Amino acid sequence: MKKTILALASVAALAGPVQAQTYPARPVTMVVPFAAGGPTDIVARIVAEHMSKTLGQQIVVENVAGAGGTTGITRAAQSKNDGYTIMMGHMGTHGAAPALYANLKYDPTKDFEPVGMAAGTPILIVAKKAFPANNLKEMIAYLKANPDKVNQAHAGIGAVSHMTCVLFNSQVGIKPTAVPYSGTGPALNDLVSGQVDYMCDQIVNLVTQIKAGSIRAYAIASAERSPALPDVPTTKEAGMPEYEVTAWNAIFAPKGTPKEIVTALSSALDKALDDAPTKARLLELGGVLPSAKERGGEWLGAFVVKEVARWTPVLQASK
Ligand code: ASP
């Protein structure tokens with residue numbers, strides 16, 4: 001009898017570490033809450049590829065688009081918290097959404113186990129190639145003169161492309177026709193073909209098309225120019241210093257995912273970010289890698305609290 005109890009006790013004591021040692025025993029799903037081909041998808045696929053190698057199991061990206069990313073994040077937040085479903089969130093889903101959705105089914109500050117920051121993504125103001133303006137000042141003048149003619153693409157209410165252009169438009173003083181997409185990947189296709197006039201989006205989606213000359217970039221809304229796009233002026237240089245915003249993409253797991261598993265995921269993410277080819281791919285697309293102190297779940301959790309607090313009043317005021 002005594003022996004059995006002892007045996008059971010040691011099995012129980014081992015349960016945690018054993019679970020972590022055997023994790024992952026099968027592929028892990030990473031929910032991307034936007035269409036394939038856009039910035040969140042791009043960042044997810046780049047880091048997931050290297051994380052898969054570290055974890056010894058494939059991380060499979062699943063695109064679940066809708067409602068500015070909140071559909072996919074809601075679904076991922078409510079899935080089993082066993083480490084086999086994780087998600088790539090961003091400044092919209094985990095910063096802006098509470099201010100814009102009265103019935104949001106998750107709380108970014110409470111319903112997740114933060115895994116880590118994947119990349120900072122400065123915002124650019126871009127337009128179709130035929131947009132009749134040579135620089136940001138001319139663009140703003142055209143927008144002001146033609147507020148009923150212009151349309152602006154975004155990836156749904158609360159998406160980064162929505163919230164950052166809400167800010168841009170309110171600073172310019174216009175309310176253009178907004179055209180929603182399931183992600184800025186498909187929005188960019190329509191910008192390239194000239195179906196929509198302009199958008200505000202995360203750099204990693206845009207560098208290739210800007211370099212190819214198939215869209216126009218008027219300004220980058222960061223303090224410094226991006227090494228990936230040295231010719232694009234900052235908003236400060238281009239005459240709109242009050243418009244400065246950098247978005248981000250980060251990995252989260254559902255609340256209650258075992259700590260050992262979250263730690264395994266965080267360190268796999270760190271390894272990906274320290275891997276030279278992975279790093280190079282993110283940097284050439286203009287991604288900003290998290291510094292040593294910006295790594296891991298603890299930092300990300302505190303950052304999300306600050307982001308929600310920062311965006312809620314700004315977005316409520318510009319509504
Ligand atoms: N960048 C997009 C946004 O506006 C979403 C995407 O990644 O497609 O939030």
Side-chain angles (χ1 to χ4, degrees), residues 37-51 88 90-92 95 116-129 131 133-137 139 160-161 164-165 167-168 183-185 187-188 191-192 198-251 269-296 299-300 303 307:
T40 308
D41 186 72
I42 290 170
V43 172
R45 285 176 201 269
I46 292 174
V47 296
E49 190 181 318
H50 194 272
M51 287 174 74
M88 183 62 82
H90 75 348
M91 187 172 78
M117 178 62 71
T121 56
I123 294 297
L124 278 103
I125 302 159
V126 291
K128 65 181 181 186
K129 199 177 168 185
F131 198 86
N134 291 313
N135 52 48
L136 186 64
K137 280 195 175 141
M139 185 213 187
V160 162
S161 48
T164 56
C165 249
L167 211 63
F168 174 75
T184 46
L188 180 64
L191 197 70
V192 169
Y198 73 104
M199 72 173 171
C200 308
D201 196 23
Q202 299 171 261
I203 190 166
V204 291
N205 197 30
L206 307 169
V207 168
T208 312
Q209 299 293 1
I210 293 170
K211 283 188 169 162
S214 41
I215 56 170
R216 305 187 82 144
Y218 289 118
I220 182 165
S222 47
E224 308 284 335
R225 292 188 182 203
S226 168
L229 289 170
D231 297 337
V232 177
T234 63
T235 40
K236 193 172 173 194
E237 292 171 317
M240 196 181 188
E242 65 281 15
Y243 187 70
E244 204 181 293
V245 53
T246 288
W248 47 268
N249 280 102
I251 300 179
L269 173 61
D270 280 351
K271 282 208 176 98
L273 296 173
D274 291 334
D275 168 63
T278 306
K279 226 163 134 172
R281 281 168 73 198
L282 287 168
L283 292 174
E284 81 197 14
L285 295 175
V288 179
L289 298 179
S291 66
K293 78 165 184 22
E294 296 164 342
R295 301 285 184 95
W299 184 88
L300 178 59
F303 179 69
E307 283 291 90

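None of these values were measured; they are calculated from a predicted model.
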So Val126 and Met199, do their side chains get closer than 4.5 Å, heavy atoms only? yes
Applying side-chain contact (heavy atoms from CB on, under 4.5 Å), name anything that partners Arg295, two or more places apart in sequence or on another chain. Asp270, Leu273, Asp274, Pro290
If you take all heavy atoms of Val232 and Ala217, which pair is closest and at what distance? CG2-CB, 3.9 Å
Taking every heavy atom of Ser222 against every heavy atom of Thr246, the minimum-distance pair comes out as CB-OG1, 4.0 Å
Which atom names give the shortest non-hydrogen contact between Gly287 and Val204, and what distance separates them? N-CG1, 3.9 Å
For Ile125 and Thr235: C-alpha separation, side-chain torsions, deciding distance, then whether side-chain contact (heavy atoms from CB on, under 4.5 Å) applies. CA-CA 9 Å; Ile125 302 159; Thr235 40; 4.2 Å; yes
For Glu224, the side-chain contact (heavy atoms from CB on, under 4.5 Å) test, sequence neighbours excluded, returns none
Euclidean distance, Met117 CE relative to Leu289 CG, rounded to 0.5 Å: 11.5 Å
Can you tell if the side chain of Asn249 reaches within under 4.5 Å of the side chain of Val47, non-hydrogen atoms only? no
Sequence neighbours left out, what passes side-chain contact (heavy atoms from CB on, under 4.5 Å) with Asp275? Give chain and number order. His50, Pro277, Thr278
Under the ring-ring contact (aromatic ring centres under 6.0 Å, His included) test, residues paired with Phe303 that sit two or more places apart: Trp248, Trp299
Mind listing the closest non-hydrogen atom pair of Pro122 and Val288 along with its distance? CD-CG2, 3.9 Å
Tell me the ring-ring contact (aromatic ring centres under 6.0 Å, His included) pairs involving residues 207-239, sequence neighbours left out? none
Any chance you could measure Ile203, atom CD1, to Ile123, atom CD1, to the nearest 0.5 Å? 9.5 Å
With sequence neighbours left out, write down each residue that passes salt bridge (charged side-chain N to carboxylate O under 4.0 Å, His left out) with Glu294, or none if nothing qualifies. none
Test item: Lys128 and Ile215 side chains (from C-beta on) under 4.5 Å apart, heavy atoms: no
Atom NZ of Lys271 and atom CE of Met51: how far apart are they, to the nearest 0.5 Å? 11.0 Å
Atom CG in Asn205, atom CG in Leu188: separation rounded to 0.5 Å? 5.0 Å
Thr208: partners by side-chain hydrogen bond (donor to acceptor under 3.5 Å, both in side chains), with sequence neighbours left out: none
With heavy-atom distances below 4.5 Å as the criterion, would you say the side chains of Thr121 and His90 are in contact? no
With a 4.5 Å heavy-atom cut-off, do Leu285 and Val43 have their side chains touching? no
Can you list the steps and then say if Thr40 with Gln202 is a side-chain contact (heavy atoms from CB on, under 4.5 Å)? CA-CA 9 Å; Thr40 308; Gln202 299 171 261; 4.1 Å; yes
Partner residues of Phe168 under the ring-ring contact (aromatic ring centres under 6.0 Å, His included) criterion, sequence neighbours left out: Tyr243
Quick one: CD1 on Ile42 to OG1 on Thr184, what's the gap to the nearest 0.5 Å? 8.0 Å
From Cys200 atom SG to Leu167 atom CG, the distance as rounded to the nearest 0.5 Å: 9.0 Å
Going by salt bridge (charged side-chain N to carboxylate O under 4.0 Å, His left out), name the pairs with one or both residues in residues 42-51, residues two or more places apart or in two chains. Asp41-Arg45, Glu49-Arg281
Any pair with a residue in residues 198-221 that passes salt bridge (charged side-chain N to carboxylate O under 4.0 Å, His left out), sequence neighbours left out, goes on the list, sorted by first then second residue, please. none
Can you find a pair of side-chain heavy atoms, one from Leu229 and one from Ile220, that are under 4.5 Å apart? no
The criterion is side-chain contact (heavy atoms from CB on, under 4.5 Å); which residues satisfy it with Ala228, sequence neighbours excluded? Val207, Ser226
Applying salt bridge (charged side-chain N to carboxylate O under 4.0 Å, His left out), name anything that partners Lys236, two or more places apart in sequence or on another chain. none
Tell me if a side-chain donor or acceptor on Ser214 pairs with a main-chain N or O of Gln209 at a distance below 3.5 Å. yes
